[in-house]
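Model, not experiment: these values are computed from the prediction.
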Amino acid sequence: MADRRRRDCQGRKTALITLKRIVFAVASALLAALATYLFFVVVTVNGVTNLHFVQVGLLMLCCLWLAWGFNMALAGILVPQKKRLTVDPVRWRSDSRTAILIPVYNEDARAVFARAAAMIEGLRRIGQLDRFHVHVLSDSTRSECVDAEREGTRLLLAELGVAGRLYYRHREKNIGRKAGNIEDFVTNSGGAYDYMLVLDADSLMRPETIVQMVARMDADPELALLQTQPLIIGRRTLFGRALQFSAALFSPIFSRGIAALQGREGPFWGHNAIIRVRAFAACCGLPTLKGRPPFGGHILSHDFVEAALLARGGYKVRVDPDLEGSYEEAPSNIIEYAKRDRRWCQGNLQHGKLLGAPGLKPWSRVALVSGIMAYAASPIWLMFLIVSLLDPILAPEPNYFPADSLFPVFPRPETQKALLLLFGIFVLLLLPKTLITFGSALTRRRRRFGGALPVIAGATVELVMTSILAPVMMMFQSKAVAEILVGADAGWPASEREDGSLPLATAFQASWWMVLAGAAVLLATISYAPDLLLWTLPIAVPLVTAPLLISATGSPVLGDWARRWHLFETPFEADPEPVIRDAAVWRQRLAVLDRHRPDLENDMMKGPGMLPDPA
């Protein structure tokens, strides 16, 4: 009887989530269809050309993507946050064992081990360290990085006395990159653990949050992966601070929209998530795609695929937006952001080969398509803009005396429909952020950001800044897609996370081709379609000035100036929690120890240990 009630309850939940998804998809399609219809009426009012059909098709794809994001954000605003299990992290008891995995690849070892030390100290402070082991899994290829990682391990073993709790492993051959790194751990040591908390080299998590995640996994045997919403910390540049503020203000609400539709097929973003080891081992063996990179070879964006495989295996994959205290860093300038984006773009476009994989859940396929569109949208927009500029240049001379009419037929303006279309696109782009901004400014949430005025000011400046930079980002992403389509492999470049200044020469070297493209657009518009000049300026001017924009937004000096005026201030700056403060202290402490260390080997009970016996 109990099993029948459970099945009935699960059936009702499945039916409800299916209904939500259908309503969501239909609403997105209707919004896109309305925008496409209005555009078709406007551009074809005085005749139809082949370019018009191309324009309409491209705009339909763009508007469908915009409507999808708009509805996702709206769901996050309107749907209340679901209450989940919470435990007292000090009194919590469990027999489960969890491995905290920190994969590294040519990273700043001092920063990595400072964050590891902060989490270890936090777990010890709440009396839960005995249930966790920390594994630093190195794929580094530079000898100086490997030496620094080994030294960081020795320092933490000596300073924290965590022999048997902290392990370091270096792979000589980083086969499969990060996915292969995790697979190697699961194969050789995964049997010793119930769960693995997968982090990135720049991840940091509140110890209480780690405990809550394990408790939720314990409470639901069907839950195979629990994802948190990582927020960005530690950025100084203007670009980094804008990312940091945007993530803190908007990301939790957008995540609630994802959670409202996730059902049993939630997201995995590759880090700051806890995974049931046996489920992962049973379901997540990744194939090597046929052909050569960029479309063949090892799967770069493994996280989306692993989430889909777990769901196919009958397990739950879930994001819980109420789990706070999950952090990461981010690129500090547009060049580093574009470099990371290039790798993600290649990985997401690979997913096109997996859309027809047998047994995948429909919503998992939708997630794969969404990942592809996250990068395909930029070249689609670019093609739409190019075709729109070509239309007036290539349009035939107007004929006001058609052969089938005794009277002249003059052009009819469709100003109202054009304005309605423009207004609708602005609504899709701006309304979600506007609602979140004023919703935060008018509620108690504003206190975390320093008050209503800092919230509104920060959101306004962030909107202006991202609007100006949008053409630059569009060009970087379009270039990435084009390179992949012609067969260029991005590889797996190491991330540069430091907040150093970005010289103008470096910015120009990365964006000179945008300057030429922007100048060409301006010249063509002035020569052939001067009436469109005002419409092209918001695109052409940022491209012509791209080196200046990239260098200025990558400046720590401007970032520090903004912080002095409390612009882009986040709760983690105004009142850093203990784990963030501890990580900063440990980074300074390790620097001192590294410069003036004694012979630590004599003080340690034992050196970096071998991995625990899986038995």
Side-chain angles (χ1 to χ4, degrees), residues 72-73 76 81 84 98 100-105 107 111-112 114-116 118-119 122 134 178 182 195-214 216-217 225-235 239-259 262 266-275 301-304 306-307 317-332 336-337 340-341 343-344 347-348 367 371 374 436 448-449 495 497 568 570-573 576-580 582-584:
M72 191 71 74
Q81 184 163 284
R84 298 286 187 183
T98 302
I100 299 175
L101 308 186
I102 308 176
V104 295
Y105 178 70
E107 304 281 349
V112 171
R115 288 185 282 266
M119 289 185 282
V134 177
K178 181 181 175 182
I182 301 299
Y195 315 120
M196 56 183 181
L197 177 63
V198 179
L199 305 179
D200 261 355
D202 60 354
S203 295
L204 182 67
M205 291 194 70
R206 183 191 300 165
E208 294 84 357
T209 301
I210 295 174
V211 169
Q212 297 291 349
M213 295 173 76
V214 175
R216 294 183 187 188
M217 296 292 284
L225 190 151
L226 180 58
Q227 175 71 63
T228 64
Q229 172 61 68
L231 301 181
I232 300 170
I233 58 172
R235 300 295 81 190
F239 178 79
R241 288 183 57 75
L243 278 181
Q244 194 167 269
F245 175 83
S246 178
L249 187 63
F250 302 122
S251 292
I253 309 301
F254 281 85
S255 293
R256 280 164 53 178
I258 295 172
Q262 66 184 339
F268 178 33
W269 298 317
H271 57 94
N272 292 40
I274 192 168
I275 302 172
S301 294
H302 56 92
D303 40 14
F304 279 48
E306 288 160 349
V317 178
R318 196 174 79 204
V319 60
D320 282 0
D322 66 311
L323 285 170
E324 298 182 341
S326 177
Y327 306 109
E328 63 174 333
E329 292 183 356
S332 59
E336 286 300 316
Y337 189 94
R340 185 185 71 173
D341 236 22
R343 187 182 75 224
W344 288 357
N348 284 21
I436 294 171
R448 303 185 64 188
F449 293 85
S495 299
R497 308 182 198 276
F568 299 144
T570 65
F572 329 117
E573 288 180 328
E577 59 179 281
V579 73
I580 297 176
D582 291 347

Sub-4.5 Å side-chain heavy-atom contact between [X] and [Y]:
X	Y	result
Val579	Met205	no
Thr98	Met213	no
Lys178	Tyr105	no
Asp202	Arg115	yes
His302	Ile182	no
Arg235	Ser332	yes

Interatomic distance, [X] atom [atom1] to [Y] atom [atom2] [nearest 0.5 angstrom]:
X	Y	atom1	atom2	value
Glu336	Asp341	CD	CG	12.0 Å
Ile436	Phe254	CD1	CZ	4.5 Å
Tyr337	Trp344	OH	CH2	7.0 Å
Ile274	Leu197	CD1	CG	5.5 Å
Ser203	Leu101	OG	CG	11.0 Å
Ile258	Arg318	CD1	CZ	15.0 Å

So which heavy atom on [X] is nearest to which on [Y], and how close?
X	Y	value
Ala201	Val104	CB-CG1, 4.0 Å
Gly270	Gln227	N-OE1, 4.2 Å
Ala259	Val319	CB-O, 4.0 Å
Asp320	Arg216	OD2-NH1, 2.8 Å
Ile233	Glu329	O-CG, 3.7 Å
Thr570	Phe245	CG2-CA, 3.8 Å

- Item | Test side chain to side chain contact (heavy atoms under 4.5 Å, CB included) applied to Leu204 and Met119, step by step | CA-CA 7 Å; Leu204 182 67; Met119 289 185 282; 4.0 Å; yes

- Would you mind listing every salt bridge (charged side-chain N to carboxylate O under 4.0 Å, His left out) that reaches into residues 239-256, with sequence neighbours excluded? Arg241-Glu573

- Is a salt bridge present between Arg84 and Asp322, judged by a nitrogen-to-oxygen distance below 4.0 Å? no

- Task: May I ask you to decide whether Arg448 forms a salt bridge with Glu324, counting only side-chain N to carboxylate O separations under 4.0 Å?
- Result: yes

Would you check if the side chain of [X] reaches a backbone N or O of [Y] as a donor-acceptor pair within less than 3.5 Å?
X	Y	answer
Asn272	Tyr327	yes
Glu328	Asp200	no
Gln262	Pro267	no

- Task: Output all residues satisfying salt bridge (charged side-chain N to carboxylate O under 4.0 Å, His left out) with Arg206, sequence neighbours left out; order by chain, then residue number.
- Result: Glu577

